[in-house]
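A short write-up of the structure that comes next.
Index from 1, following the sequence. Both ligands and their constituent atoms are indexed starting at 1 by order of listing.
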Amino acid sequence: MIIQPRTRGFICLTAHPEGAASHIKQQIDYVKSKGEISDGPKNVLVIGASTGFGIASRITAAFGSKASTIGVFFEKPAAPGKPGTAGWYNSAAFEQQAHQEGLYAKSINGDAFSDEIKQQTIDLIKKDLGQVDLVVYSLASPRRTHPKTGVQHNSVLKPIDEPFTDKTVDFHTGVVSDITINPVTDPADIDNTVAVMGGEDWKFWIEELKAAGVLAEGVKTVAYSYIGPELTYPIYRNGTIGRAKDDLEATVPTINALLSDINGISYVSVNKALVTQSSSAIPVVPLYISLLYKVMKQKGIHEGTIEQMQRLFAERLYASNLPELDDKGRIRVDDLEMREDVQKEVAELWTQATTENLSEISDIEGYRNDFFRLFGFNVEQIDYEKDTNELVQVPSLTV
Ligand code: NAI
């Protein structure tokens, strides 16, 4: 079928298999160009492995360190006349390219929050790998059905005490407008967001993997967080999602205690703001990212998800020295984003940004391009007028 982008707000309803494959290949080539990560991971479980930071982590482990990888994700397969989701095509392309190089790669498609998927993952590790030495936790979801209570928790993106008014952009049209987001009225919204995006599920995963004996001596586990600039604090770090990130970060000592007898360690890595399916859903953030891109590209320090994850693995998690941590015990690969000169320039541009000057002072074009590339569009060598086979399968799907 001919597959072209079809968008609704910040969601793209279609994805292109060949475009996704080409985008994955570019990421693989990048990782290879950086050389082998010495003493990198060998057997890796990535939870949330199909898009954004998760697929970049999987690519880095596999192609930077020849690791065997098991990826868990929640994606829609393709059906006749109906394209699969981007993460589906990404995973198909990843597995194909990994298998071509003789690398073990299998995937599990299902709800990572559930006990069933945890058990199936454990069974697969036992059968094929024995143990894993790295667990990457990169889930981003709007909801979670709690495995013990059966309650469905829905996350919200809201400020906590006061209404928040600031600029935002519709990145499709480039129109800058003011947006007011009212604070939570029901404290349960905070608890629900923490239940979805906080640390409990990460802890459940590690508890269950450990109890099953599938974590290797010296295992590492890492989850991802974000801080960002003061201008997004009301909606991000001091909002409901920030409470969830506080909770995720506070889970580190609990997991470290769980892993101490096998000399394991857990980290939270604070990553850079980037265009992913999750971040495009947060008001205000796309405008910030398009200004940030402009400034960081001008300074020659822009990175995408793959550059971030390659650096996280090579220069932090698997560097010869233990990674440097901030005063709250976190790894920082948002260091370039948070540089004083970068933030100062972004803050100045923020006050100036209008619909009229946006294409000049921001990199809204780069934002849009990255957004479409998440779904396999805007990839140079692909002819989107041509028929493509939508029924691409993930070769080693276990569920
Ligand atoms: P994303 O939306 O690209 O990826 C989410 C992944 O989770 C996908 O693989 C998806 O299939 C999987 N997933 C969602 N629900 C699932 C479920 N119930 N069961 C199994 N898999 C499920 O998100 P992104 O942006 O890569 O986020 C990953 C982490 O990185 C999050 O913790 C996020 O807060 C964090 N982060 C993101 C930043 C950004 O700017 N995008 C910046 C810093 C941190």
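Ring pair Tyr384/Phe377 is tilted by interplanar angle, where 30° to 60° counts as tilted. Note: Tyr293 and His302 have perpendicular aromatic rings, judged against thresholds of 30 and 60 degrees for the angle between ring planes.
Looking from atom 19 (N) of ligand 1 to the surrounding protein, the closest heavy atom is Ala112 N, 2.8 Å. When only non-hydrogen protein atoms are considered, atom 26 (O) of ligand 1 lies nearest to Phe53 N, 2.9 Å. Shortest contact from atom 28 (C) of ligand 1 to any protein heavy atom: Ser138 OG, 3.2 Å. Among protein heavy atoms, the minimum distance from atom 43 (C) of ligand 1 is reached at Ser225 O, 3.2 Å. Counting only heavy atoms of the protein, atom 13 (N) of ligand 1 lies nearest to Leu139 CD2, 3.7 Å. Counting only heavy atoms of the protein, atom 41 (N) of ligand 1 lies nearest to Thr276 OG1, 3.1 Å. Summary of contacts: the protein heavy atom closest to atom 34 (O) of ligand 1 is Lys245 NZ, 2.8 Å. Regarding atom 15 (N) of ligand 1, its nearest protein heavy-atom neighbour is Ser141 CB, 3.5 Å.
In the vicinity of Ala140, heavy-atom distances shorter than 4.0 Å reach the ligand 1 atoms 5 (C), 7 (O), 14 (C), 15 (N), 23 (O), 27 (O). Less than 4.0 angstrom separates some heavy atom of Gly52 from each of these atoms of ligand 1: 3 (O), 26 (O). Within ligand 1, the atoms closer than 4.0 Å to a non-hydrogen atom of Phe113 are 18 (N), numbered from 1 in the order shown. Using a 4.0 Å cut-off to heavy atoms of Ser50, the atoms of ligand 1 that qualify are 8 (C), 9 (O), 10 (C), 11 (O). Near Glu75, meaning under 4.0 Å from any of its heavy atoms, are these atoms of ligand 1: 10 (C), 11 (O).
Stacking of Lys25 on the aromatic ring of Tyr30 is not recorded, the 6.0 Å distance cut-off and the 45° axial limit not both being met. Under the 6.0 Å distance and 45° angle rule, Lys158 does not count as a cation-pi partner of Phe164.
In the candidate list Gly87, Ser278, Gly48, Ser269, Ser278 is nearest to atom 2 (O) of ligand 1, counting heavy atoms.
Judged purely by distance below 3.5 Å, without hydrogens or angles, the side chains of Ser65 and Glu36 never pair a donor atom with an acceptor atom. Side chains of Asn271 and Tyr226: no donor on one and acceptor on the other come within 3.5 Å. A donor-acceptor contact closer than 3.5 angstrom links the side chains of Asn378 and Asn369. For Ser290 and Asp363, the side-chain atoms include no donor-acceptor pair closer than 3.5 Å. Defined by atom type and a distance below 3.5 Å, a donor-acceptor pair is missing between the side-chain atoms of Thr14 and Arg6. Thr51 and Gln277 form no side-chain donor-acceptor contact under 3.5 Å, judged by distance and modelled atom types alone.
The backbone of Lys272, and not its side chain, has at least one atom closer than 4.0 Å to an atom of ligand 1 (non-hydrogen atoms only; backbone = N, CA, C, O). By the criterion of a heavy-atom distance under 4.0 Å, both the backbone and the side chain of Thr51 are placed next to ligand 1. Heavy atoms of Ala49 found under 4.0 angstrom from ligand 1 belong exclusively to the backbone.
Exactly one residue among Tyr367, Phe10, Phe372 makes a ring-ring contact (aromatic ring centres under 6.0 Å, His included) with Phe171. That residue is Tyr367.
Under the 4.0 angstrom criterion for non-hydrogen atoms, Gly110 is in contact with ligand 1.
With a 4.5 Å cut-off on side-chain heavy atoms, Val268 and Ile331 do not count as touching. The shortest distance between side-chain heavy atoms of Trp88 and Leu397 falls below 4.5 Å.
Inclusion of Asp111 in the set of residues having an N or O under 3.5 Å from an N or O of ligand 1 is warranted. Of the N or O atoms in Ala273, none lie within a sub-3.5 Å distance of an N or O in ligand 1. At under 3.5 Å, a nitrogen or oxygen of Leu274, whether backbone or side chain, sits near a nitrogen or oxygen of ligand 1.
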